[in-house]
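Along the sequence shown, the residues carry numbers beginning at 1.
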Amino acid sequence: MKLKSVIIKIVEIPMVSSFATSFGTITKKPTVLVKATTTNGIIGWGEGAALPFPYYKADTHETTYLALQKYIVPQALNIEFRTPEDFRELYSHNVIGHNFAKTAIETAIWMIYSISENKTLSKLLGGTKYKIPVGESLGIQSSVEETLAEVKLRKEEGYRRTKVKVKPKWDVNIVKAIRKEFGNIDLMVDGNSAYTLKDVKTFKELDEFNLTMIEQPLAHDDIIDHATLQKKIKTPICLDESILSAEDARKAIEIGACKIINIKPGRVGGLVESKKIHDVCKKNKIGVWCGGMLETGIGRAFNIAVSSLPNYKYPNDMSPVNIFYKDDLVKDSFVVDKNGYVTVPQVPGLGFEIDENKIEKYTKRESRFI
């Protein structure tokens with residue numbers, strides 16, 4: 001196959017409400033889309049859902065757009081490839097970082113490959129599940145009461161796990177309140193790198209609440225201190241920001257830095273690397289799950305597909321787009337059933353119908369390579 005044209009877009013859908021974490025509050029969420037068309041007319045869409053500021057990783061929607069425009073797309077046009085793995089080789093050795101940009105174009109290639117092979121994304125990746133369990137991620141609320149109300153709402157909607165964002169002085173108290181109100185629900189916390197080893201006392205206190213995991217409590221690029229912390233506490237540590245590749249996962253597992261890994265396709269550069277990380281973790285008996293980056297329905301479709309792989313052991317951050325956004329870019333997007341599961345699409349391609357009118361409506365900028 002060859003690409004005949006590529007269009008890069010920045011789109012911005014209005015949000016329902018802001019989303020607060022330890023590193024900042026998201027009040028608007030631009031995202032980058034890629035529309036790739038092959039010489040034989042097959043179209044694929046992909047998404048690079050970097051945040052609008054470099055507080056989670058160095059990538060932003062602006063750097064994602066620039067990396068695609070200046071470095072990745074010019075290499076990709078008119079180059080022969082057969083599979084997404086072949087395509088990834090185009091830039092894997094000479095473009096360092098910019099994983100959200102790589103994800104945007106690679107996922108478009110996965111959609112094209114799925115259509116050309118007439119197989120679902122899930123089947124091509126090696127997925128074995130027809131439904132995946134879903135958990136909800138709650139941002140930092142303005143009060144304990146608001147948090148409890150949000151947990152209650154999501155429980156009633158069927159979500160199988162509650163994740164609460166925490167930061168120093170907003171951690172033990174909120175977990176204690178949730179446990180008191182809702183008992184032994186599946187509960188985890190996400191520190192988003194807000195803590196250091198000086199906070200061991202806090203983590204030992206959290207140990208008493210039977211949490212499923214503590215996600216990325218220490219520095220975004222650390223595995224050494226996480227290994228030290230894991231030896232001091234009984235709650236499993238889950239690494240997120242620290243894991244950018246299968247090699248990172250191997251090293252973290254080898255030194256005991258975690259017992260669980262969160263695989264976000266955007267963070268690791270696409271589905272090819274996501275599958276490699278999954279396989280390393282499966283080999284070492286480390287369970288994984290799929291986190292979210294506030295993707296539109298386009299990005300979420302790829303997350304659903306990769307979450308169907310067998311070693312995704314925990315509920316995934318796969319809440320419907322309307323939890324965060326007032327609109328979506330696909331028609332008839334996925335829903336969470338009353339038991340807290342999302343059905344994995346069983347048709348080739350994205351699995352959902354693209355709404356190009358909505359894409360045009362929310363486009364803020366674009367570059368065309370034809």
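Residues meeting the ring pair (Phe, Tyr, Trp, His ring centres under 6.0 Å) test with F203, sequence neighbours left out: Y195. For W289, the side-chain hydrogen bond (donor to acceptor under 3.5 Å, both in side chains) criterion is met by no residue, not counting sequence neighbours. Looking at residues two or more places apart in sequence or on another chain, you find a side-chain contact (heavy atoms from CB on, under 4.5 Å) between A101 and T64, A67, L68, I72, H98. Not a single side-chain hydrogen bond (donor to acceptor under 3.5 Å, both in side chains) links T120 to another residue, sequence neighbours left out.
When the side chains of ILVMFWY residues are joined at heavy-atom separations under 4.5 Å, either directly or via intervening members, M213 and I233 end up in two distinct hydrophobic clusters. L66 and L33 fall into different hydrophobic clusters, where Ile, Leu, Val, Met, Phe, Trp and Tyr are joined by side-chain heavy atoms under 4.5 Å apart, directly or via other members. Cluster annotation: Y314 is not connected to I214 through the hydrophobic network of ILVMFWY side chains, with a link wherever side-chain heavy atoms come within less than 4.5 Å.
Between K283 and D279 there is no salt bridge, since none of the side-chain N atoms of the basic residue sits less than 4.0 Å from a carboxylate O of the acidic one. The pair K9-E366 counts as a salt bridge, with a side-chain nitrogen and a carboxylate oxygen less than 4.0 angstrom apart.
Expressed to the nearest 0.5 Å, how far SG of C258 lies from CD1 of I223 amounts to 8.5 Å. Summarising the geometry, atom CG belonging to L77 is positioned 11.5 Å from atom OG1 belonging to T39; distances are rounded to the nearest 0.5 Å. For the atom pair M111 CE and L124 CG, the distance stands at 13.0 Å (nearest 0.5 Å). We find the OH-CD distance between Y91 and Q75 to be 10.0 Å, quoted to the nearest 0.5 Å. Here T147 contributes atom OG1 and K165 contributes atom NZ; the two are 13.5 Å apart, rounded to the nearest 0.5 Å. I359 CD1 to D328 CG: the interatomic distance, rounded to the nearest 0.5 Å, is 9.5 Å.
For S242 (side chain) and L239 (main-chain N/O), no donor-acceptor pair under 3.5 Å exists by modelled atom type. Listed for the S319 side chain is no donor-acceptor partner under 3.5 Å among the backbone atoms of I323. In this structure a side-chain-to-backbone donor-acceptor pair under 3.5 Å is present from S274 to G270. The main-chain N or O of D171 is found under 3.5 Å from a side-chain atom of N173 such that the two form a donor-acceptor pair. The closest donor-acceptor contact from the side chain of E106 to the backbone of L271 lies under 3.5 Å. In this structure, Q230 contributes its side chain and I237 its backbone to a donor-acceptor pair below 3.5 Å. Under the 3.5 Å distance criterion, the side-chain polar atoms of D199 are matched with a main-chain donor or acceptor of T196. Judged by distance alone, with hydrogens and angles left aside, the side-chain atoms of T63 form a donor-acceptor pair with the main-chain N or O of T60 at under 3.5 Å. A donor-acceptor pair under 3.5 Å is absent between the side-chain atoms of T363 and the main chain of R365, judged by distance alone. Here the side chain of S122 pairs no donor or acceptor atom with the backbone of S308 at under 3.5 angstrom.
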Open item on the list: Does K29 form a side-chain contact (heavy atoms from CB on, under 4.5 Å) with F324? I'd like the steps, not just the answer.
Closed with: CA-CA 10 Å; K29 176 61 171 60; F324 302 108; over 6 Å; no
Open item on the list: I'd like to know whether V288 forms a side-chain contact (heavy atoms from CB on, under 4.5 Å) with I260, so could you lay out the CA-CA distance, the side-chain angles of the two residues, the decisive distance to 0.1 Å, and finally the verdict.
Closed with: CA-CA 6 Å; V288 305; I260 301 168; over 6 Å; no
Open item on the list: If you apply the rule side-chain contact (heavy atoms from CB on, under 4.5 Å), what do you find for V151 with F182, and how did you get there?
Closed with: CA-CA 9 Å; V151 174; F182 300 103; 3.5 Å; yes
Open item on the list: One pair to check against salt bridge (Lys or Arg N to Asp or Glu O under 4.0 Å): R161 and D317. What are the steps and the verdict?
Closed with: CA-CA 9 Å; R161 177 267 290 149; D317 283 348; 2.9 Å; yes
Task: side-chain contact (heavy atoms from CB on, under 4.5 Å) between I43 and I354, worked out - done: CA-CA 11 Å; I43 295 173; I354 296 285; over 6 Å; no
Task: Residues E85, T83; criterion side chain to side chain donor-acceptor pair (under 3.5 Å); working and verdict - done: CA-CA 5 Å; E85 289 84 358; T83 68; 3.3 Å; yes
Task: Criterion salt bridge (Lys or Arg N to Asp or Glu O under 4.0 Å) on E241 and R267, from CA distance to verdict - done: CA-CA 8 Å; E241 289 96 318; R267 186 188 78 240; over 6 Å; no
Task: side chain to side chain donor-acceptor pair (under 3.5 Å) evaluation trace for T31 with E295 - done: CA-CA 8 Å; T31 195; E295 296 93 344; over 6 Å; no
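Ring orientation note: the planes of F53 and Y55 are close to parallel, at an angle under 30° on the 30°/60° scale.
Pairs engaging residues 253-283 under the ring-ring contact (aromatic ring centres under 6.0 Å, His included) rule: H278-Y312 [sequence neighbours left out]. Pairs engaging residues 125-154 under the salt bridge (Lys or Arg N to Asp or Glu O under 4.0 Å) rule: K131-D337, E136-R154, E150-R154, K152-E156, R154-E157 [sequence neighbours left out]. Residue pairs satisfying the side-chain hydrogen bond (donor to acceptor under 3.5 Å, both in side chains) criterion with at least one member in residues 338-359, sequence neighbours excluded, are listed as follows: K35-E356, D327-K358, K331-E353. Identified under the salt bridge (Lys or Arg N to Asp or Glu O under 4.0 Å) test for residues 43-55, with sequence neighbours left out: none. Residue pairs meeting the ring-ring contact (aromatic ring centres under 6.0 Å, His included) criterion with at least one partner in residues 61-82, sequence neighbours excluded, are F81-F87. Applying the salt bridge (Lys or Arg N to Asp or Glu O under 4.0 Å) test to every pair with at least one member in residues 253-266, sequence neighbours left out, gives these pairs: D240-K264, R250-E254. Pairs engaging residues 127-173 under the ring-ring contact (aromatic ring centres under 6.0 Å, His included) rule: none recorded [sequence neighbours left out]. Sequence neighbours left out, the pairs with a member in residues 209-238 that pass salt bridge (Lys or Arg N to Asp or Glu O under 4.0 Å) are K163-E215.
In terms of heavy-atom proximity, T162 sits nearest to L138 at CG2-CD1, 4.0 Å. Contact detail for C238 and N262: the closest heavy-atom pair is SG-N, 3.5 Å. In this structure, P315 and R160 approach most closely via the heavy-atom pair CG-CB, 4.2 Å. Of all non-hydrogen atoms in M318 and V342, the two that sit nearest each other are O-CG2, 4.3 Å. The shortest heavy-atom contact between A104 and G48 is CB-N, 3.5 Å. When every heavy atom of G291 is checked against every heavy atom of N303, the shortest pair comes out as O-ND2, 3.9 Å.
Residue I370 places its CD1 atom among more than 12 non-hydrogen atoms of other residues, nucleotides or ligands, all under 6.0 Å distant. Within 6.0 Å of CG in N94 there are more than 12 heavy atoms belonging to other residues, nucleotides or ligands.
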